[in-house]
Amino acid sequence: MAEVLPREVLICTIARLLDGVRHVAVGASSPIPAAGAMLLRAMKEAGGAVGPRISILGSVEHNFFTNGSAELFDCAGQGRIDAFFLGGGQIDGFGNVNLVGAGDYPRSSVRWPGSFGSAYLYFVVPRVILFREEHTPRVFVEKVDFISAPGVSPEGVFRSGGPVALLTGKGLFRFDKTRPGFELESVHPGHDLAEIKQATGFRFEHDAAPQQTALPDRATLDLLRGRVFDELAETYPEFAAQMRRDLGTVDA
Amino acid sequence: MAEVLPREVLICTIARLLDGVRHVAVGASSPIPAAGAMLLRAMKEAGGAVGPRISILGSVEHNFFTNGSAELFDCAGQGRIDAFFLGGGQIDGFGNVNLVGAGDYPRSSVRWPGSFGSAYLYFVVPRVILFREEHTPRVFVEKVDFISAPGVSPEGVFRSGGPVALLTGKGLFRFDKTRPGFELESVHPGHDLAEIKQATGFRFEHDAAPQQTALPDRATLDLLRGRVFDELAETYPEFAAQMRRDLGTVDA
Amino acid sequence: MVLSEPRAMAKHIEPGMRVALPVDYAGVSMAMTRPIIEHGAGDLDLVCVPTGGLQVDQLVGAGLVRTVETSAVSLGEAGGAPRFNAAVKDGAVRLKDATCPAIHAGLMAAQKGSPFMPLRGLIGTDLLRHRDDWRVIDNPLADGGDPIVLIPAIKPDVTIFHVPIADRFGNVWIGRRRELAAMAYASRTVLVTVERIVEESLLADEMSAAGVLPALYVTAVARAPKGAWPYGLWGEYPADSAEIARYAKAARTTDGFSAYMAQAQMEPA
Amino acid sequence: MVLSEPRAMAKHIEPGMRVALPVDYAGVSMAMTRPIIEHGAGDLDLVCVPTGGLQVDQLVGAGLVRTVETSAVSLGEAGGAPRFNAAVKDGAVRLKDATCPAIHAGLMAAQKGSPFMPLRGLIGTDLLRHRDDWRVIDNPLADGGDPIVLIPAIKPDVTIFHVPIADRFGNVWIGRRRELAAMAYASRTVLVTVERIVEESLLADEMSAAGVLPALYVTAVARAPKGAWPYGLWGEYPADSAEIARYAKAARTTDGFSAYMAQAQMEPA
């Protein structure tokens with residue numbers, strides 16, 4: 001088995017989480033989710049199948065929209081976007097996301113940019129993947145200070161979408177909307193359950209000895225380091241270059 | 001005074017009715033209203049003022065819209081269209097307009113095309129001019145068989161627009177929305193009150209001896225027969241040619 | 001997106017489907033009319049965006065239509081739509097008489113993923129009285145009163161239209177006829193005929209991209225030169241009013257209609 | 001439409017007006033920022049469509065802003081918006097935190113002449129809890145229940161943006177940035193800066209017409225080459241991220257902000 005970079009594990013995990021989607025939208029400053037989507041597309045096409053459509057928001061080259069910045073939301077409302085990624089200054093154990101600020105609203109002690117489209121997309125995109133590399137108690141809190149978008153909705157509230165998973169720099173959680181709450185599915189190489197418990201401000205379900213996050217096989221890794229990093233370099237040149245520098249270190 | 005064609009009287013009357021509007025929309029198959037709007041524009045510009053903007057619907061050359069066929073209605077809803085024309089298979093004494101059909105709906109004995117945008121525009125365009133050359137009891141009825149668009153609305157119903165006048169081949173009526181009903185303002189040359197009463201299926205107010213519809217002066221007539229017919233010929237070539245043929249007969 | 005041809009595309013239409021068709025001057029795919037009739041799926045619920053003409057009259061004349069939702073049906077200068085008017089008189093089609101902005105509002109609701117859109121006007125009309133799918137509520141943002149009509153989302157199964165250009169990626173150039181985009185956004189299946197198909201992506205430069213409906217919304221494209229005829233196509237060719245008048249005259253009777261429809265589809269070269 | 005210049009256009013802005021500004025990449029008229037600050041009309045209610053950045057931060061920093069309605073404010077890769085964030089912490093601006101499609105819905109309501117638009121989502125968010133202008137009703141078209149949010153119409157007094165081209169008739173080419181059209185439709189006054197002004201009408205051919213906002217909606221146009229700088233302009237030039245980062249660093253303090261703003265407006269040639 002070749003050595004695999006931590007971010008390669010994340011990218012390959014995202015590709016797995018996206019399996020089956022027809023159309024995934026990715027933020028303009030989200031190279032890891034974009035790489036995951038591109039890897040899935042490359043794998044599908046290598047197998048002779050049709051890969052997912054990837055819309056990269058804010059990119060001029062990968063902008064397939066022609067109706068202004070409202071089109072993404074219209075498109076999601078029409079059920080044409082199967083997957084989307086959300087981060088958050090805070091994420092809590094109920095899947096609530098806070099993109100607005102820490103402390104008492106409105107005079108937040110720390111102000112983040114704002115909710116963007118989360119208060120809509122979280123409701124209507126079937127497969128929302130929560131993604132935040134930083135895995136610390138200040139991010140993963142018991143209860144968010146401000147709900148930009150709630151993890152679950154009461155019976156009777158129109159909701160065709162929501163969170164399915166939470167991917168961090170340390171592990172992968174599945175979201176169970178019936179409880180509601182997270183369950184640790186796997187731990188990334190180099191991390192362990194005790195560390196994750198300490199770094200997580202909310203309670204979560206887990207096996208006594210959680211499995212390790214699956215690593216990519218050689219073919220997948222070749223696709224990623226070849227075609228996918230080439231494609232990635234068009235939109236995220238600095239990220240692709242950094243990945244290749246890091247790989248150079250690995251190979252050396 | 002030069003001899004004036006009946007349709008020239010109509011065109012000049014329309015120009016008067018439109019005085020003061022900034023933007024008038026005209027149907028693609030409405031040469032007389034279009035000519036009235038063009039005449040007003042020519043008169044304003046001859047006096048050094050700014051003439052009204054004229055949108056001719058369905059015309060490629062005079063289509064100032066770029067957002068599809070919804071834009072006219074959006075534009076009207078924004079309060080950007082000051083005047084519009086409506087015809088009708090039937091028009092009654094309350095200003096109700098029927099563009100759908102005669103007889104029992106839905107299996108109308110005579111079916112007309114349909115209501116088009118009337119059920120909206122009649123409510124939101126401040127100065128709607130009802131225009132129908134045919135002045136007969138089958139058009140001007142006591143009560144329309146189907147209300148495509150009502151002349152007045154009850155208190156409390158949002159309504160920023162409605163009918164201000166009814167122009168026919170025989171005369172000009174003003175609409176009084178407080179009564180509600182029509183008042184004969186003037187009779188076109190060659191017609192009289194008794195004839196109009198006989199040709200009108202609804203009751204209307206009138207002076208004992210109504211005045212004659214004002215005729216255009218020489219300068220107006222020159223503008224109409226020169227610049228306006230030239231402009232008109234671009235969009236309504238057959239109508240403009242017919243008018244010029246008729247004028248040839250007059251001159252001869 | 002699949003590159004197809006009109007007969008194959010007609011097979012997307014199944015009995016009982018809701019089919020959206022554009023107004024005369026926006027780009028009617030007349031090239032699809034006979035393939036649809038040959039294919040024969042009936043009980044169609046037509047949505048005219050926002051009015052109908054020749055194509056609607058021919059589909060009604062062929063007996064494929066169950067309801068017509070429209071703001072008007074006519075042949076323009078050539079007069080009333082003969083088969084439609086006959087079907088109305090016979091009660092052979094059910095009418096959902098509307099007004100142009102109500103059709104646009106229903107499509108906009110579908111585009112936005114909303115159950116309805118509000119629309120001013122309409123109150124006091126017989127249109128509203130005959131539409132049990134439209135609802136009047138008091139504007140919840142007013143202090144009381146202020147009735148307003150809610151138009152439910154119109155979600156066509158299929159949208160069919162004709163435009164000048166597609167690229168080989170399935171992007172189609174609709175120019176400023178943005179109601180075609182609205183129809184596509186609202187629809188599950190979108191079938192497009194075009195004058196020509198180009199190699200380069202229409203999204204590659206901003207000037208052409210501005211008028212593009214992206215492939216994301218397009219199910220299949222077929223080449224059909226003069227595919228709007230006898231209607232015209234903006235920027236391409238004018239309407240053939242003599243031919244429309246010839247149809248209007250022929251279709252006054254069912255026999256005349258059948259004879260007309262039995263003729264070759266396309267304009268003689 | 002009046003051919004104007006930025007300082008003259010800034011005079012359209014009066015104290016207390018509601019001003020709509022586009023998102024970073026859609027065409028921000030940075031060329032108008034300093035003229036607006038010099039003109040000095042304050043108590044502005046900004047509407048970011050749907051998010052804000054440099055221009056919003058500078059107007060807030062200059063003390064001209066009363067409220068900010070937005071889905072986000074940031075300098076992108078350069079980090080948080082320093083003057084905005086400071087004003088939030090000080091309580092110097094009132095926030096109307098929104099979500100992107102709610103801003104679009106409010107503008108669409110104004111475009112349609114409707115008092116509101118419905119929007120899915122939002123229920124259970126703290127955004128909704130803090131917006132007393134948004135209203136939750138039970139969907140009148142459902143059989144009961146089904147709560148849905150109504151967003152009231154957003155009617156800006158003024159909309160300001162920058163695009164590549166205007167013609168001498170006042171038509172402006174917005175390409176596929178159709179939110180600029182939505183803003184204009186909804187607004188009373190529309191001020192546009194452009195890279196260049198052309199002689200021929202942009203409506204004269206269908207290809208360019210497809211991306212045009214017609215003069216009907218445009219109050220005044222001014223030429224301002226590189227008028228989006230340091231933001232980029234689609235199809236014209238990329239963003240100058242070094243300059244944005246330079247601003248982000250300078251504006252961490254009020255003094256640094258003042259010093260930055262006192263510099264010449266335009267990029268050195």
Side-chain angles (χ1 to χ4, degrees), chain A residues 21-26 37 41 44-45 49-84 117-128 149 153 156-162 231 234-235, chain C residues 1-2 20 104-117 152-157 159 163 165-167 169-190 200-219:
Chain A
V21 306
R22 299 158 306 162
H23 186 187
V24 48
V26 183
R41 182 173 61 189
K44 292 286 178 191
E45 287 176 5
V50 176
R53 185 185 297 273
I54 305 171
S55 291
I56 299 176
L57 312 177
S59 142
V60 173
E61 294 95 67
H62 296 84
N63 174 4
F64 300 115
F65 291 140
T66 58
N67 198 22
S69 63
E71 187 171 358
L72 166 69
F73 308 101
D74 292 357
C75 204
Q78 294 152 26
R80 294 184 201 266
I81 295 181
D82 302 313
F84 189 70
S118 65
Y120 181 74
L121 294 176
Y122 211 31
F123 287 80
V124 300
V125 175
R127 210 182 294 192
V128 177
S153 296
V157 170
F158 180 90
R159 183 146 196 181
S160 51
E231 289 175 351
E234 292 172 22
T235 313
Chain C
M1 197 285 297
V2 175
H104 293 305
L107 292 171
M108 181 60 79
Q111 172 180 334
K112 296 286 172 186
S114 294
F116 59 81
M117 285 284 144
I154 296 174
K155 297 180 179 177
D157 295 299
T159 276
V163 295
I165 317 173
D167 66 26
F169 309 100
N171 301 302
V172 301
W173 188 72
I174 60 168
R176 46 177 159 169
R177 301 306 337 164
R178 295 202 66 86
E179 61 267 61
L180 302 178
M183 294 161 71
Y185 298 148
S187 295
R188 209 156 46 82
T189 295
V190 176
E200 3 31 293
S201 168
L202 290 164
L203 292 176
D205 87 69
E206 292 292 329
M207 191 57 85
S208 59
V212 164
L213 174 72
L216 166 61
Y217 306 97
V218 177
T219 309

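Computed from heavy atoms alone, side chains included, the values below leave out hydrogens, waters and symmetry copies. In what follows, chains are A, B, ... by sequence order, proteins preceding strands, each numbered from 1.
Distance NZ/C/Lys112 to SG/A/Cys75: 11.5 Å, rounded to 0.5 Å. The OG1 atom of A/Thr66 sits 7.0 Å away from atom OH of C/Tyr217, with the distance rounded to the nearest 0.5 Å. Distance check: C/Arg188 CZ to A/Arg80 CZ gives 10.5 Å after rounding to the nearest 0.5 Å.
For A/Phe123, no part sits under 4.5 Å from any heavy atom of chain C, backbone or side chain. Using a 4.5 Å cut-off between heavy atoms, C/Ala110 touches chain A through its backbone atoms (N, CA, C, O) alone. Looking at C/Leu216, both its backbone and its side chain come within 4.5 Å of chain A, counting heavy atoms on both sides.
Of all heavy-atom pairs between C/Gln111 and A/Gln78, the closest is O-NE2, 2.9 Å.
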